[in-house]
Amino acid sequence: MHWDREWYFTTEESRILLVNNMEEIMTRLENDPDYKYYVLDGQTAVIEDYFAIKPENKERIKALVEVGKLIIGPWYSQTDTMQVSGESIVRNMLYGMRDCLALGQPMKIGYLPDSFSMSSQLPMIYNGFGIDRAMFWRGCSERHGTNKTEFLWQSNDGSEVTAQVLPLGYAIGKYLPSDEEGLRARLDKYFPVLEKPSVTKDILLPNGHDQMPIQNDIFEVMDKLREIYPDREFLMSSFEDVFARIEDKRSELDTIKGEFNDGKYMRVHRTISSTRMDIKLIHAEVENKIVNILEPLAAIAWTLGFEYHHGLIEKMWKESMKNHAHDSIGCCCSDKVHAEILNRYILADDMASNLITFYKRKIVDHMPAREGCDKLALFNLSPYERNEVVNTTITIRSQSFSLFDEHGNPVEYFIQDQREIDPGKIDRQIVHYGNYDPFVEYDIQIKHPVPAMGFTTLHVQAEQSGQYKAVEKQGDVLENDFYRVAVNNNGTLSIFDKETAMTYDQVLRIEDGSDDGDEYDYSPSRNEWLLYSDEFDAETRIKHEGFQSVALINLRMQVPENLSQREERTGQDGYINVSCQVVLKQGSRRIEVRMELDNQADDHRVRVLIPTPFVSDTVVADNQFGLITRPTNDPEMANWEADGWKEAPVPVYQLMNVAALENDKGGMAVMTNGLREFEVISSKGNDERDTFALTLLRGVGVLGKENLVLRPGRPSGIKIPTPDSQVRGKLVCEFSLFGFVGNHIDANIMAEARDNVTRIECYNKIPYNAMKLNVGEQNLPLSYSLLSKAKTGAVLSVLKKAEDDNALILRVYNPAESEGVEDEVVFNRHVSAWNEASMDEHELPTKVELGSFGILKPCQAKSFKVTF
C-alpha cells in the first residue's frame, strides 16, 4: 500500500482506516500461505501509528516481519528529498532502520514511490546504510542519459545503486477488476508503455494505492489474467525478486549521474519549495537547531560528564520527520492538516530550544564561581575559532556593569538597548519574599574570540563602569574591510565589493507578481502585472552602533488584492508592508538581511532580487552533503508544450542554505535561513547581468487547480479551498549576502553558510532562575575546546553521540563537485579509538590514522566514530 499519513485528510482520519486495514492484512498473511508478501509503504511511522492504538498486536506484526511476509522500512517516514537536509534524510533512515530491527529485518531498498524529485546524493546515502537498490517514480526523462526504466545511478563520489523507475507510478495495479473487459481496458494500454523501456521486459503491477485495503480477490484476478494473456506469466513477486532479475542484466544497464527533477512524464512540482513559507521557515529552523546547535552542544556536554539525552532528541526528530513526507513538507495539504504540521514543528522547536538552554546552563552551573560576578558564556559550535560580533542580552540588578575575561582583561561592549524587567519574570521566589527591586535587561554587542567546538566565559561585575565601545562616525554608508554599502533613495542597496572591485546595484528590489497556481506549483496569470518596490516611496535610515552599522528600510507596496484585480488591472487594494534591516558587522563578509513582510493580498508571489554585474551560464547551490551546478536557463522551456511535458521545466531550483553566481574575478553567494527556492533571471542586451530571484512567499487559495499556464491538464491533488495558504499576515525572512574572491570552493562558502545559520550561542548565568536545579561539583573550565580543524577542506555536517556506544560520531563532507580533498581533525583530549563508520554508525574495516578523514571524493560524506 501507499500510505499518506495526512494530505487533504488528517492523520487521525487515516489512522482509523489503518487500524481496520491492518487487521485484514495480518489475518490474510497469517492464514494464506500463498499470499507471500505485503509491503507497508517503506515507512515505520505507519507501524508507530498502529501500535499507539493496538500495542497488543506487536507480537503478531513481529512474527510476520520475521518470516518476511510483512515487509517494513527502511524509512521512518516517506521523506521528500529536495526540501529537507542531508542529516534529516540520514536520521529518517537511521530511526526507520532501528524501528525495523526491533521487529525483524528492514527492506533494503531505497523506496520512495511518490516523492517529488530525487536528490543526486541519494545513492551515497543509501550506500551508507548498506542499500544498493532504489525504486522511485518522479523526475526522469531521456535528458538524464537513458530511455530505460532500469539503470545504475551514481552520486558524484561514485556511490552506486541499481534503480527501478515506476514509469506510470506506484499504483497501476490498484483495484484490478476481475472481468476480462475491465482488465483488458487497463492492461492493454499499460503493457506496451511498460515493456518498451524495460531492460528485463518484466512488468511490475503494484497492487496498492493511497489508503487502499488489501485486494481480497487478487488470486482470482491473476487467474483471469493468465486466461486472457496466455503468453505471459503472472506471479506474486517481491521487490527483491524484481531487483535480482535486473541485476542479472547489469552489463546492459546505462549509468546515470545527477538529480531527477524533470517533469516530462510525471509532475515533480519544482516550485513547491515556496508553498506555505511560514511552515517552510520553521522547518529549516528546527533542522538547524537540532543538527548544528543542539547535537554538537550535547556532544560537548557529554564529554564533560553530562547525560546525552537520546530519547529527547529522537522525539524531536520524529516529530519533525512526520512532517518530512512529500505532501506534508511540500505543504500541499488541507488547512487543517497544515495546522497539525505547524504544531509539530512548534513542539519540536520548543523541545530543541529548551534542551539547548538546559545544556548551556548545566555546563555554566558547574564552572567555579567568582564572588560578586555573574557569567556570560559564549559557545562556538563550529570546528574552528571564531571571532565575530555577537549580539546578546544580559540581565542584572544594576545600572552599570563591566565585562572581563577569565584572566581579568576587560572586554569592550556596546549597549544597544536596555529595559527594566519585573523580578517575578526572573524568579517568582524573589517577589514571594517581598523583594520587588527591578532587573535591567541589556542588549549588548561584543567581539571576542571563542575557541573551536567549545566555549569561553566572561565575568559580569555589577556597579562598575565597564570598557564601553564608542560609536565611530561613519557617514551615510555601511562600511567595513570588505564592503561599502549605500542605501538608495528607492530602498535598494548599492554594494561595492572592495576585494573584487565589483558593484552590485539595485540589490533588495522586491518583485510582486501573480500566482494563478495551487499548493503544488507556481503559475503566472495569463494577464500578468508585475509590480516592484522601487515604484513606491521608501523611508530609509542608517544608524551606527559600537560594532556594526544598520540600515533600516520601510515601505508599503500597494498590490492587487486578488487575481481578478490583477488580471483586470482594476485596483491595488492589497498591500505588503516591508520592514527591512540590513546589518554590516566589523570584520564580517556577511551582509545580513532581515525582512519582515506583512502580506495583505492574495494570489501572488513575492521575490527579492539581487542583481550581479555579470552573466553566467550556470549557478551552484547546495544540496545534501555537497554542491550541485545547474544551468541558469533551460532550453527546453522553448519546446516543452510541443514535446508533451507534464509541466514546464522552469529553471526554479531548490537550495538548502546557499547558492552562488561567479565570474573569473569572484562572485556573490546568497546564504539563507530557511528560504529554499531561487531562480536566476538573465538580462541580455546592453545591460547584461544575472539576477538572483529569491522567493520570499507565495500565496494561493486552493490545494489543486487544473489547466495552469505552466502545468496544463488535470489538477494536481484535489480542488479544495485552502485560504490559509494565502499566507496573510507577518512573515520574517532572513538571508545574508556574501561576496567572494576567486571561486566558491576556495571561498569556503559551504562552511561560511553553516556559520550563517550557526551563530555564537550565549548563556548569561545569574543567581536567580524560576526553574531550580541541584548543582554538583563546580570543576569545569571557563574555556574549553573539544576539537579543531581548518575552515578549508571538509565541512562539518554533524557531531553527535553514537546511538549505541560511548563514542561520538563526527560526519564531514567534501562540498566540491569535481575535486577530492584530504583533511583531518585534531582533538584536545586523549583519543583511544578512531574508526570510520557507516551512516548507520557501524564501524567499517577501513584503516585510518587518528584524526584523518583520508581522501574525500567529490561530494562525499564520511562518518567517524571517536572514543575517548
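- Of the possible polar contacts, none joining the E511 side chain to the S533 backbone as a donor-acceptor pair under 3.5 Å is found.
- Ion pairing between a basic and an acidic side chain is recognised when a charged N comes within 4.0 Å of a carboxylate O; E706 and K719 show such pairing.
- The cationic atom of R138 (NZ for Lys, CZ for Arg) does not lie both less than 6.0 Å from the six-membered ring centre of F116 and within 45° of the ring axis.
- Note on R607 versus E679: salt bridge recorded, some NZ/NE/NH1/NH2 to OD/OE distance being below 4.0 Å.
- Under the 30°/60° scheme for interplanar angles, the aromatic rings of H324 and H283 are found to stand perpendicular.
- Remark: side-chain polar atoms of S514 are not paired, donor with acceptor, to backbone N or O of P524 under 3.5 angstrom.
- At a cut-off of 3.5 Å, with distance as the only test, a side-chain donor of H744 or E662 sits close to an acceptor on the other residue.
- Under the 3.5 Å distance criterion, with hydrogens and angles disregarded, no donor-acceptor pair is assigned to the side chains of Q43 and W3.
- In this structure, R698 is not positioned above the aromatic face of Y522 in the sense of NZ or CZ being under 6.0 Å from the six-membered ring centre and within 45° of the axis.
- Within 6.0 Å of the CZ atom in R143, the count of heavy atoms belonging to other residues, nucleotides or ligands exceeds 12.
- Ring geometry for H144 against F260 counts as perpendicular: the plane angle is over 60°, on a 0 to 90° scale with 30° as the lower cut.
- No side-chain donor-acceptor contact under 3.5 Å links D327 to the backbone of D4.
- Cation-pi contact between R590 and F738: absent, since separation from the ring centre below 6.0 Å together with deviation from the ring axis within 45° is not met.
- Here E13 does not pair with R5 in a salt bridge; the nearest charged N to carboxylate O distance is not below 4.0 Å.
- Remark: N663 CG is packed, more than 12 non-hydrogen atoms of other residues, nucleotides or ligands lying under 6.0 Å away.
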Given the rule in the side-chain contact (heavy atoms from CB on, under 4.5 Å) test, do N577 and L555 qualify, once you have shown the distances and angles that lead to the verdict? CA-CA 6 Å; N577 282 343; L555 57 93; over 6 Å; no

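- For the residue pair Q565/D573, the side-chain donor-acceptor check at 3.5 Å is satisfied.
- Counted by atom type alone, S525 and D516 present zero donor-acceptor pairs between their side chains at under 3.5 Å.
- Residues S85 and E287 bring a donor and an acceptor atom of their side chains to less than 3.5 Å of each other.
- Side-chain atoms of T722 never come within 3.5 Å of backbone atoms of D724 as a donor-acceptor pair (strictly under, hydrogens ignored).
- Not a single ring-ring contact (aromatic ring centres under 6.0 Å, His included) links H338 to another residue, sequence neighbours left out.
- For the side chain to side chain donor-acceptor pair (under 3.5 Å) test, residues two or more places apart in sequence or in another chain that qualify with Y520 are W7.
- Between H2 and Y170, the angle of the ring planes lies from 30° to 60°, which puts this pair in the tilted group.
- Counting only N and O atoms by type, the side chains of N599 and H604 include a donor and acceptor under 3.5 Å apart.
- In summary, D278 and R276 engage in a salt bridge, as defined by a charged side-chain N under 4.0 Å from a carboxylate O.
- Ion pairing of E340 with K336 is absent here, as no side-chain N (NZ or NE/NH1/NH2) approaches a carboxylate O to less than 4.0 Å.
- Closest of all the heavy-atom pairs between Q506 and P611 is O-CD, 3.6 Å.
- For E539, the CD atom is loosely surrounded, since the number of other residues' heavy atoms within 6.0 Å does not exceed 12.
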